[in-house]
Amino acid sequence: MNSFTFDGISKPYLTVLKDSNRQPWAPIEWTYQDVPKRPGDLPVKKNTGVRALPLPVFLKGKSIEDLQKVKEDLAEWLIHDEPKPLIFDDEPDRIYYAVVDGSFDPDEILKWGQGVIPFICPDPYKYGEEESLILGDFPIRNVGTLKTNPVFSIKFMSNTTNYTVSINEKTLKVIWNFKQSDLLIIDTSKRKITINNLVKMTALDLSSKWPEFIKGQNNIIADKTVANITVTFRPRWL
């Protein structure tokens with residue numbers, strides 16, 4: 001691996017060193033409960049921690065003075081108040097969302113520097129590119145290894161008093177006097193319902209369960225005779 005892009009930018013003065021090692025998953029921590037008269041403990045809860053991505057790099061300036069300007073540019077590029085997309089050259093179809101957490105203390109020899117960028121991913125998962133499909137008579141495949149939350153964009157072609165979406169036996173129902181050309185957005189990630197760009201959580205039937213995509217094939221049941229439906233989602237990996 002020679003380099004990476006961060007926030008859509010790469011730098012010609014920076015090279016990732018060969019001893020860079022990304023762990024295959026974020027730290028997993030289990031909570032256990034002691035059960036009387038039972039050997040060992042009972043696993044109760046699994047927690048996935050933040051993913052650390054310490055990245056050893058080599059900096060090259062044109063002179064000792066230029067190396068100082070390179071470090072200033074490095075700081076402007078990498079320091080942000082929220083996670084930004086991080087993509088490695090040797091893993092171009094996966095996106096991490098990282099922030100810099102810690103200091104960068106390079107060893108400097110003349111016009112070169114070598115150190116470790118302390119990237120941290122508060123969201124420990126890797127993401128693929130966003131997929132957007134018009135719903136048809138076929139299952140939708142989630143190629144990721146984790147569940148993911150789709151967004152449904154439903155444009156009505158005729159009037160109806162309610163609308164239901166079911167995935168893998170989880171059903172969500174919205175009760176509303178929908179008219180032709182109304183737009184219903186069901187965002188299962190934010191657990192939000194909007195109708196014509198206005199939040200309408202009171203339209204959600206209380207018996208609803210927020211659907212999600214599991215790994216592999218997902219069968220969606222929705223009435224396509226009254227509305228056109230676009231499904232948007234992003235695959236996730238450990």
Side-chain angles (χ1 to χ4, degrees), residues 1-32 43 45-132 142-149 151 189-190 215 232-238:
M1 176 177 64
N2 293 322
S3 192
F4 62 92
T5 62
F6 183 69
D7 195 23
I9 302 168
S10 61
K11 296 292 183 176
Y13 56 69
L14 182 148
T15 301
V16 178
L17 298 177
K18 291 183 179 179
D19 56 351
S20 173
N21 180 26
R22 298 194 297 278
Q23 300 300 316
W25 60 78
I28 303 295
E29 297 178 358
W30 278 93
T31 301
Y32 301 92
K45 183 180 179 181
K46 182 178 73 172
N47 180 60
T48 303
V50 299
R51 185 192 291 262
L53 289 174
L55 197 62
V57 297
F58 178 78
L59 304 178
K60 185 177 181 180
K62 298 176 182 178
S63 63
I64 297 176
E65 294 79 11
D66 183 60
L67 180 61
Q68 308 313 310
K69 299 298 187 292
V70 164
K71 291 190 293 183
E72 286 183 356
D73 185 75
L74 187 74
E76 182 181 10
W77 172 36
L78 297 182
I79 305 303
H80 296 275
D81 294 332
E82 59 185 21
K84 299 294 183 179
L86 172 63
I87 304 174
F88 295 100
D89 287 1
D90 63 352
E91 201 178 14
D93 57 350
R94 300 289 185 269
I95 303 171
Y96 300 82
Y97 287 90
V99 293
V100 170
D101 187 353
S103 61
F104 179 70
D105 304 306
D107 297 324
E108 297 181 21
I109 302 176
L110 299 177
K111 59 182 179 181
W112 299 291
Q114 181 175 320
V116 178
I117 299 173
F119 279 126
I120 290 287
C121 299
D123 180 339
Y125 303 125
K126 298 185 285 186
Y127 288 81
E129 294 290 346
E130 184 177 86
E131 298 186 31
S132 187
N142 172 26
V143 298
T145 57
L146 296 170
K147 295 178 180 178
T148 191
N149 301 105
V151 176
S189 176
K190 297 179 180 179
K215 175 186 175 182
T232 305
F233 68 100
R234 296 186 68 186
R236 302 190 301 169
W237 288 263
L238 288 169

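For the atom pair CG of Leu53 and CG of Asp101, the computed distance is 12.0 Å after rounding to the nearest 0.5 Å. Taking NZ of Lys215 as the reference point, atom CH2 of Trp237 lies at 11.0 Å (rounded to 0.5 Å). How far OG of Ser103 is from CD1 of Ile117: 12.0 Å, rounded to the nearest 0.5 Å. Atom CZ in Phe88 sits 10.0 Å away from atom NZ in Lys126 (nearest 0.5 Å). Between Ile109 atom CD1 and Gln114 atom CD the span is 8.0 Å, to the nearest 0.5 Å. Going from atom CD1 of Ile120 over to atom CG of Asp123 covers 13.0 Å, rounded to the nearest 0.5 Å.
A pairwise comparison of heavy atoms in Val70 and Gly61 identifies CG2-CA, 4.4 Å as the closest pair. Residues Cys121 and Ala98 come closest through the heavy atom pair SG-CB, 3.9 Å. Contact between Leu110 and Ile64 at its shortest, heavy atoms only, is O-CG1, 3.6 Å.
One finds no salt bridge joining Glu65 and Lys111 here, because no Lys/Arg side-chain nitrogen approaches an Asp/Glu carboxylate oxygen to under 4.0 Å. We find that Arg94 and Glu129 are not joined by a salt bridge, their nearest charged nitrogen and carboxylate oxygen being 4.0 Å or further apart.
Under the side chain to side chain contact (heavy atoms under 4.5 Å, CB included) criterion, Arg234 pairs with Ile95, Tyr97, Tyr127, Glu130, not counting sequence neighbours. Taking the side chain to side chain contact (heavy atoms under 4.5 Å, CB included) definition, one finds that Lys190 meets it with Asp187, Lys192, sequence neighbours left out. Under the side chain to side chain contact (heavy atoms under 4.5 Å, CB included) criterion, Val116 pairs with Pro54, Pro56, sequence neighbours left out. Not a single side-chain hydrogen bond (donor to acceptor under 3.5 Å, both in side chains) links Lys60 to another residue, sequence neighbours left out.
The shortest side-chain heavy-atom distance between Tyr125 and Thr148 does not fall under the 4.5 Å cut-off. Between Tyr96 and Phe4 there is no side-chain heavy-atom pair separated by less than 4.5 Å. Here the side chains of Val143 and Pro235 are in contact, with some heavy-atom distance below 4.5 Å. Looking only at side-chain heavy atoms (C-beta outward), Val57 and Leu17 stay at 4.5 Å or farther from each other. Between Phe119 and Leu86 there is a side-chain heavy-atom pair separated by less than 4.5 Å. Using a 4.5 Å heavy-atom cutoff, the side chains of Pro122 and Pro83 are in contact. Residues Tyr32 and Lys45 form no side-chain contact, since every pair of their non-hydrogen atoms from C-beta on lies 4.5 Å or further apart. Between Ile28 and Asn47, the closest side-chain pair of non-hydrogen atoms is not below 4.5 Å.
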Listing, residues 5-13 side-chain donor-acceptor contacts under 3.5 Å, not counting sequence neighbours, or none:
unit_1, atom_1, unit_2, atom_2, d
Lys11, NZ, Asp73, OD2, 3.0
Tyr13, OH, Asp73, OD2, 2.6
Tyr13, OH, Leu74, N, 3.4

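Residue pairs meeting the salt bridge (Lys or Arg N to Asp or Glu O under 4.0 Å) criterion with at least one partner in residues 75-86, sequence neighbours excluded, are Glu82-Lys84.
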**Study point:** Verdict with reasoning, Glu108 to Leu67, per side-chain contact (heavy atoms from CB on, under 4.5 Å)
**Key:** CA-CA 9 Å; Glu108 297 181 21; Leu67 180 61; 3.8 Å; yes
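Not one N or O on the side chain of Arg236 forms a donor-acceptor pair closer than 3.5 Å with the backbone of Gly144. A donor-acceptor pair under 3.5 Å links the side-chain atoms of Arg51 to the main chain of Leu238, judged by distance alone.
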